[in-house]
Amino acid sequence: MSLIADALRERPVLRGALIAPSVAALIFSLFTLTAAPDPATLASGVTIATVNHDAGLPFPPINMASRLIDGLDARLPMHLRAFDSDEAARAALDAETVQAVLIFPEDFSRAVAGTEAVPLTLITSGSLTMAEAQLTGALPGMVESGVSAAVQSIRLAMARGQMPDMTPPVALTAEALNPPTTAAARVAPFVAGFATALAALVGGILGWVGTRGLGGVRGAALRTLFPVIALPVAALVLAGLVAGFAGGAFGALWLAIALLGVAFGWFFAGALALFGPLALLVLVPLAFWQPAIGGGQMPLSAAPEWLHWLAPLHLDAIGGYFRALILGAGHDFPWSLALGAAALGLAMIWLRAALVRRPAPVAA
């Protein structure tokens, strides 16, 4: 302990290396968990403008577009809002008072009653918020499949001489395995993984700044000890927030975050000690690419193709294990990843100590 106390007196910046990981974990996780978006709320906030030009059929007297709009309004999680003209609907989309426009042409009913392809126009916008764009981006497939099923049902009913309705032919029983209890629980695995990496990176950078110029055993010892002290404390903060807002066992969360944090802390400290500022070219992306490679927000297969070379490292096992702790999924702790990062980090720390020799004292 005297080694740590002496270092803190001599190099005040090292005090930040002890505190900053907890502060980083607190700020990021508290904001993200309390501002977690709820998909159902997001969907209910999306409005689709409908423009019905359908002239209908004289016999049987029916307007297929009106029937279909009523059916979509009852089944889609979004709201539908009627407009009188294409221009008014497009203006509302441009003003972002609606998030998509669905236009039914004049010959819609005639096409449904016939055998040709049924014309339909869907307009979306690329200037929406990211969440709205993700929801409306799925609309083309949803609308096409839903309308196609409805058209087939209508055509079958009319072929039998029956009046068509919008009752779906399938009675779906939907069941969700391990449903999240809150909106925060959906993002909690990502928050836990990213905040762990962020805390380790912040602590590693401050620890590197505070130990610059220290060679030999003393420098290596400090770089080894600081992650062991600072990151389990940051893990207490992060595990408490995650368990409080999203659920999960506090003890298991703390242990997982602490083990991964120390492993990452050693890896970051070793890379900075051995390669200096150049290491940040690799370490910063590794920490901030967590949404794409950490398995908390998306599978690695959905990440950009140029990131797929990271797949052998199994970084997405981090998010998988946090999903197991918080949501009940079946994933094991990523021991190989944690032990590999820890071993490589310690090797770099002590290799740096071996390479740097302090000059011998000058004789009086």
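Both backbone and side-chain heavy atoms feed into the values below; hydrogens, waters and symmetry mates do not.
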**Student:** Quick check: do Ile293 and Leu286 have side-chain heavy atoms less than 4.5 Å from each other?
**Tutor:**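 Yes; the side chains approach each other to less than 4.5 Å.
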
**Student:** For the residue pair Trp306 and Trp289, categorise the inter-ring angle as parallel (less than 30°), tilted (30 to 60°) or perpendicular (more than 60°).
**Tutor:** perpendicular

**Student:** Side-chain contact, heavy-atom cut-off 4.5 Å: Val51 with Ser85?
**Tutor:** no

**Student:** Quick test of your reading of the model: are Asp6 and Arg9 salt-bridged, counting only N-O distances below 4.0 Å?
**Tutor:** yes

**Student:** Any side-chain donor paired with an acceptor under 3.5 Å for Asn52 and Ser66?
**Tutor:**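 Yes, because at least one side-chain N or O of Asn52 sits under 3.5 Å from a partner of the opposite role on Ser66.
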
**Student:** Can a salt bridge be assigned to the pair Glu10 and Arg218 using a cut-off of 4.0 Å between side-chain N and carboxylate O?
**Tutor:** yes

**Student:** Counting heavy atoms not belonging to Glu144, are there more than 12 under 6.0 Å from its CD?
**Tutor:** no

**Student:** By the definition side chain to side chain contact (heavy atoms under 4.5 Å, CB included), identify the one residue from Phe264, Phe333, Phe190 that meets it with Ile318.
**Tutor:** Phe264

**Student:** Tell me, do Leu139 and Met78 make a side-chain contact under 4.5 Å, heavy atoms counted?
**Tutor:** yes

**Student:** Look at the side-chain heavy atoms of Ile, Leu, Val, Met, Phe, Trp and Tyr, link any pair under 4.5 Å apart, and say whether Leu310 and Phe268 land in one connected group.
**Tutor:** yes

**Student:** Any side-chain heavy atom of Phe275 within less than 4.5 Å of one from Met348?
**Tutor:** yes

**Student:** Less than 4.5 Å apart, any side-chain heavy atom of Phe267 and any of Leu283?
**Tutor:** yes

**Student:** Are the side chains of Leu14 and Phe226 in touch, meaning some heavy atoms are under 4.5 Å apart?
**Tutor:** yes

**Student:** Might you point out which heavy atoms bring Leu300 and Ala292 nearest each other, and give the distance in Å?
**Tutor:**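 Where Leu300 meets Ala292 most closely, the heavy atoms are CD1-O, 3.5 Å.
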
**Student:** May I ask you to test the Met64-Ile154 pair for a side-chain heavy-atom distance under 4.5 Å?
**Tutor:** yes

